[in-house]
Amino acid sequence: MAEYHLNGPLKDEDVTKLKIGDTVYISGECFTCRSRLQKYIFDEKNTLPFPTEGRNILIHNGPIVVKENGKWRLVSFMPTSSIRFEKWGAKSVSEWGLKMIVGKTTMGEETAKMMKEKKCVHVSPRSVSPNLWIDSIEIQDVYLYDELGRIEAAWLFRLHDLGPFIVDIDTEGNNYFDAMDKDIADRKNKALKKLGIDDSFSFTKLY
């Protein structure tokens, strides 16, 4: 597995070289997004109030921030689970021109198809480091704060070698967690067979 330190805005050649399992650190401009922002734009037909051409990295995140002396200060940061946003995943990639989505876990089949078409990847945290990462993130601006609230607003960040992240969907549509699930299932079946447990086995319910 390779390790890369990438600088945004990302180009096709930056992401097409990434393979599932590779480690990535990210620098450059990005923006955050949760479900309320995607619903506001895609379902309610509003316009995203900032361009994405120069910041084609999206982080599924609702940062914890406070305002001190007229400036925003980041208190805690951790990407949230991306699969919750699968409904809007393909549209986000296509309409916002994304080259990378950062979030925990992974995304579904429709988003992976669009990632393959548009040359985009999904990456997940390799560790739980909400406070260790703060020094790698600079708050630039916030949009739709009044409309969506502090957590759901679109925060614009500048990243400084933020990571490590693991590539879990590459530009060929390969999915790290799908491969892992298959391996787990194979190992489970071998273990059950070794223990003499047949296919009708089910886990005990505690209720």
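A quick note: this is a predicted structure, and the numbers were derived from the prediction, not measured.
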| Short question: side chain of T32, backbone of I59 - any donor-acceptor pair under 3.5 Å? | no
Residues P125 and G103: closest non-hydrogen pair is CD-O, 3.7 Å
**Asked** So, for F165 and W133, is the gap between ring centers shorter than 6.0 Å?
**Response** yes
K104 and P79 have their tightest heavy-atom pair at CE-O, 3.1 Å
When rounded to the nearest 0.5 Å, the distance separating CG of D168 from CD1 of I101 is 10.0 Å
Side chain to side chain donor-acceptor pair (under 3.5 Å) with D12: of K99, K119, K118, only one passes, and it is K99
Of M114, K87, H60, Q38, the one forming a side-chain contact (heavy atoms from CB on, under 4.5 Å) with S92 is Q38
May I have the step-by-step check of side-chain contact (heavy atoms from CB on, under 4.5 Å) for I151 and I64, ending in yes or no?
CA-CA 7 Å; I151 300 297; I64 306 301; 3.9 Å; yes
Note: L144 and L37 closest approach over all heavy atoms is CD1-CD1, 3.5 Å
task = Determine, for K17 against E13, whether the closest basic-nitrogen to carboxylate-oxygen distance falls under 4.0 angstrom.
result = no
inquiry  = Quick check against the 3.5 Å criterion: does D170 have a side-chain atom that pairs as donor or acceptor with the backbone of G173?
reply    = yes
Common cluster, M115/M100, ILVMFWY with side-chain heavy-atom separation under 4.5 Å: no
Heavy-atom distance under 4.5 Å between the side chains of T80 and F85, does that happen here? yes
message: I'd like to know if the side chain of N56 reaches the main chain of L10, judged simply by a donor and an acceptor atom lying under 3.5 Å from each other, with no hydrogens or angles considered.
response: yes
Salt bridge (charged side-chain N to carboxylate O under 4.0 Å, His left out) with E152: of R34, R36, K39, only one passes, and it is R34
**Study point:** Exam field: side chain E110 to backbone G89, donor-acceptor pair closer than 3.5 Å
**Key:** no
Closest non-hydrogen contact found for Y143 with P49 is CE2-O, 3.5 Å
D22 side chain vs A2 backbone, donor-acceptor pair below 3.5 Å: yes
One should read off an interatomic distance between L156 CG and C30 SG, to the nearest 0.5 angstrom, of 7.5 Å
When rounded to the nearest 0.5 Å, the distance separating CZ of R73 from CD of E68 is 4.0 Å
Can a donor-acceptor pair be found between the side chains of N61 and W155 at a distance below 3.5 Å?
no
Closest non-hydrogen atoms of T105 and S81, given as atom of the first, atom of the second and distance, are OG1-OG, 3.2 Å
Using a 3.5 Å distance criterion without hydrogens, assess whether the side chain of R158 forms a donor-acceptor pair with backbone atoms of Q140. no
All heavy atoms of I134 vs all of L74, minimum pair found to be CG2-O, 3.7 Å
* **Joint hydrophobic cluster, V102 plus L18, side-chain heavy atoms closer than 4.5 Å** => yes
Test side-chain contact (heavy atoms from CB on, under 4.5 Å), reference L162, set F157, F77, Y25, output is F77
* Taking the six-membered ring for Trp, are F31 and W96 parallel (under 30°), tilted (30 to 60°) or perpendicular (over 60°)? -> perpendicular
### Message
Please say yes or no: joined through hydrophobic side-chain contacts below 4.5 Å, possibly via intermediate residues, are F50 and L58 part of one cluster?
### Response
yes
Rounded to the nearest 0.5 Å, the CD atom of E109 sits from the CG atom of N175 at a distance of 10.5 Å
